[in-house]
Amino acid sequence: MSEIENPMATPGGESTMMGQWRVVLRQAEEAARAGKYEEAFALAGRPEVVDHHQAVQFRGRIGLDLIARASRRASCDDVAGAIDDLRLAERIGAPPDSLAAARLSLADQVAAEIRGDLDVGEPVRALERIEALAKDKISGPTLRRYREVAEAWRTATAEARRGEFGEAMENLDRAERLAAGSDAEAAQQAIAAARRELEARQKTTAPMVEALYAALGGGEWPKILAAAEALVTAVPEHPAARQARAKAWQQIAAIGPSSGSQWSRRDKGPSRPVRSSEPADRGEPPPVDLTIGRVFPALGPTARPDPGPARPLANPSASGPQGRFLLWADAVGGYLVCLNDRVVLGRAGADSPADVPLMGDLSREHAVLVRGSESYMIEPRRDTFVNGRRIAEPTVLRNGDVIRLGSTVELEFRQPSPFSATARLMIVSRHRLPIAVDGVLLMADTCIVGRESQAHIPAPALRDSIVLYRQGAAIWCRAKGGFEVDGRPCVARAPLTMTSSVLGEGFSFSLEPLSSNSV
């Protein structure tokens with residue numbers, strides 16, 4: 001480097017370096033005039049400037065400028081911008097007294113918005129906003145009073161959800177007194193309306209509580225479940241009702257045979273599929289009537305819920321068969337087959353929208369299985385776990401994964417064939433579906449019934465595999481040699497309807513369509 005290029009090598013180089021702070025400070029002042037206070041603060045904090053007397057004064061001035069700008073922003077309802085300015089002013093080292101006054105003024109300005117939340121009966125929202133402001137030291141007497149109102153109101157709401165109506169009423173009274181002392185007349189009226197609603201709910205739920213304890217005294221689990229469901233609907237967090245419902249589901253799910261035992265006890269009779277409508281003359285539980293919406297024995301005089309909108313049958317459509325059907329295979333088992341790309345897992349019930357209804361303490365729509373082009377994903381709606389790990393976002397499933405819904409319902413996900421997107425769900429906990437099937441099939445393009453390891457439906461005694469597959473607007477069957485479909489002879493392959501019976505050498509099965517709430 002030449003002497004001209006290196007200022008330290010020139011006689012005036014030292015003075016040039018000593019004057020560098022003026023250049024930096026001038027740049028900081030220009031940034032501040034342009035409103036770029038972050039840049040100005042960074043320049044004024046550089047090592048060659050930071051301790052200079054003029055730089056210290058400059059930082060004090062931009063701190064006051066930021067406080068003034070925060071006041072202007074607040075007057076234009078830009079509360080977020082005002083808070084940002086006050087944060088930066090504090091970092092710069094603005095005078096504490098000026099900052100405190102600005103924060104108090106801002107608190108008074110936002111208090112009207114907080115009171116608006118209380119006026120429309122939103123204490124939780126009001127409390128969230130007050131707590132967020134407190135993190136930035138935005139507080140004042142008015143906000144503190146509104147916080148007390150919101151806290152008492154929120155506590156009353158939580159107590160009401162647990163059925164603690166006496167304590168809830170006391171907290172609503174306190175919230176109303178605090179609102180009256182804060183000149184929040186509209187909020188006071190909203191709290192009074194909440195009290196009237198609470199009184200009405202208390203009168204409505206009192207007979208439900210009595211009915212629950214009467215059912216518990218009788219020890220009949222279906223009646224206990226009905227009473228607990230009714231009470232939880234009115235009082236969602238009622239501890240006794242929730243505990244009784246969970247226990248009732250455990251007991252009801254354990255009634256009757258496990259999912260596979262029904263089939264293992266079947267007589268080796270004629271080679272034709274045995275439907276659920278056959279007489280139960282072999283020690284099996286009574287058949288389930290697919291025309292009614294019940295998923296367990298009648299619960300007494302309670303009215304049947306509205307079944308809601310019907311789900312589609314597994315019938316041909318423009319895009320091929322959709323919906324669900326039952327597959328009954330003699331000497332193999334029964335399966336619930338779901339054809340749609342989205343399958344809802346949830347609690348069984350007459351009003352359940354679940355495609356796979358499970359007799360357990362679950363939400364009506366607990367989780368959703370989604371079939372993609374390359375994999376399945378599970379979307380949690382309520383507490384859902386995969387291999388013991390709670391999930392909060394859509395999660396890819398892999399062969400062998402164990403899905404837990406809620407605290408006890410467990411399903412094993414199997415995708416046995418690498419060449420087919422069809423998957424199988426097996427219930428590994430003691431819970432079951434309303435109809436005693438051996439598993440659930442998520443059928444993509446094909447479904448293999450056979451003895452090989454890649455079969456979707458295991459059939460160890462079957463000599464040659466049978467394949468069900470989608471083609472056009474129907475489901476087809478392919479089997480080696482000849483077989484009959486609804487009494488008609490077929491060779492190699494044939495289309496099926498949702499009520500078809502198939503009879504071949506060494507195998508027989510039938511399909512049964514499902515309408516909404518059949519299962």
Side-chain angles (χ1 to χ4, degrees), residues 258-260 263 314 319-329 332-346 354-358 362 366-381 384-391 393-405 409-429 431-433 437-460 462 464-471 475-479 509 511 514 519:
S258 63
S259 62
W263 304 100
S319 58
Q322 301 291 319
R324 308 173 301 160
F325 65 90
L326 292 171
L327 173 66
W328 304 108
V332 174
Y335 286 83
L336 170 63
V337 183
C338 300
L339 298 170
N340 294 344
D341 290 337
R342 295 180 64 85
V343 174
V344 177
L345 309 177
D355 299 299
V356 181
L358 295 153
L362 303 174
H366 205 95
V368 179
L369 292 173
V370 181
R371 179 169 53 236
S373 59
E374 297 182 354
S375 62
Y376 283 81
M377 299 186 73
I378 183 167
E379 298 177 353
R381 301 288 175 82
T384 303
F385 303 79
V386 175
N387 299 328
R389 180 177 61 85
R390 179 192 289 272
I391 61 172
E393 301 292 338
T395 301
V396 174
L397 292 174
R398 303 187 185 282
N399 186 40
D401 282 351
V402 175
I403 302 166
R404 176 156 61 87
L405 307 176
V409 179
E410 290 190 344
L411 309 168
E412 185 179 21
F413 175 84
R414 284 288 180 184
Q415 201 168 0
S417 174
F419 307 106
S420 172
T422 295
R424 183 174 72 237
L425 293 177
M426 305 302 292
I427 304 174
V428 295
S429 60
H431 301 81
R432 60 191 178 97
L433 274 68
V437 293
D438 291 83
V440 177
L441 286 178
L442 311 175
M443 183 173 169
D445 292 328
T446 61
C447 173
I448 304 169
V449 184
R451 60 185 178 182
E452 62 268 26
S453 61
Q454 295 182 359
H456 302 109
I457 298 179
L462 197 62
D464 297 307
S465 295
I466 303 166
V467 179
L468 301 180
Y469 61 97
R470 301 192 199 212
Q471 180 172 314
I475 290 179
W476 288 60
C477 173
R478 184 171 66 241
F509 65 89
L511 276 57
L514 287 176
V519 175

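- Residues satisfying the side-chain hydrogen bond (donor to acceptor under 3.5 Å, both in side chains) criterion with T384, sequence neighbours excluded, are absent altogether.
- Here the shortest heavy-atom pairing between G450 and A455 reads O-CB, 3.4 Å.
- Residue pairs that meet the salt bridge (Lys or Arg N to Asp or Glu O under 4.0 Å) test with at least one member in residues 411-423, sequence neighbours left out, are E412-R414.
- Applying the side-chain hydrogen bond (donor to acceptor under 3.5 Å, both in side chains) rule to R398 yields no partners; only residues at least two apart in sequence or on another chain are considered.
- Legend: residues meeting side-chain hydrogen bond (donor to acceptor under 3.5 Å, both in side chains) with N387, ordered by chain and number and at least two apart, are D401.
- Taking the side chain as every heavy atom from C-beta outward, L433 and I427 approach each other to under 4.5 Å.
- Considering only heavy atoms from C-beta on, V356 stays 4.5 Å or farther from L411 through its side chain.
- Closest approach of Y335 to V440, counting heavy atoms only: CD2-N, 4.2 Å.
- Partners of F413 under the ring pair (Phe, Tyr, Trp, His ring centres under 6.0 Å) rule, at least two apart in sequence or in another chain, are Y376.
- In this structure, Q322 CD and N340 CG are separated by 5.0 Å, a value rounded to the nearest 0.5 Å.
- Between the side chain of R470 and the main chain of M443, a donor-acceptor pair closer than 3.5 Å is present.
- In terms of the side chain to side chain contact (heavy atoms under 4.5 Å, CB included) criterion, residue partners of T395 (sequence neighbours excluded) are, by chain and number, I378, R389, I391.
- The distance from atom CD of E379 to atom CG of L369, rounded to the nearest 0.5 Å, is 9.0 Å.
- Side-chain atoms of S429 come within 3.5 Å of backbone atoms of E410 as a donor-acceptor pair (strictly under, hydrogens ignored).
- Smallest separation of non-hydrogen atoms from M426 and G439: SD-CA, 4.1 Å.
- Under the salt bridge (Lys or Arg N to Asp or Glu O under 4.0 Å) criterion, R404 pairs with no residue at all, not counting sequence neighbours.
- Rounding to the nearest 0.5 angstrom, the gap separating the CD1 atom in I457 from the OG atom in S465 is 11.5 Å.
- Under the side chain to side chain contact (heavy atoms under 4.5 Å, CB included) criterion, Q471 pairs with Y469, W476, R493, not counting sequence neighbours.
- Residues P416 and N399 approach most closely at N-OD1, 4.4 Å, considering heavy atoms.
- The shortest side-chain heavy-atom distance between V370 and P394 does not fall under the 4.5 Å cut-off.
- Listed by chain and residue number, F419, S420, Q454, H456 satisfy the side chain to side chain contact (heavy atoms under 4.5 Å, CB included) test with S417 (two or more places apart in sequence, or in another chain).
- To the nearest 0.5 Å, the span separating CG on D438 from CG on L327 amounts to 10.5 Å.
- Side-chain contact between V449 and F509 is absent, with no heavy-atom pair separated by less than 4.5 Å.
- Counting only distance, with no hydrogens or angles, the side chain of R381 and the backbone of L345 share no donor-acceptor pair below 3.5 Å.
- A distance of 10.0 Å separates CD1 of I448 from CG of L468, quoted to the nearest 0.5 Å.
- Taking CG of L336 as the reference point, atom CG of L441 lies at 8.5 Å (rounded to 0.5 Å).
- Among residues two or more places apart in sequence or in another chain, the side-chain hydrogen bond (donor to acceptor under 3.5 Å, both in side chains) test is passed with D445 by none.
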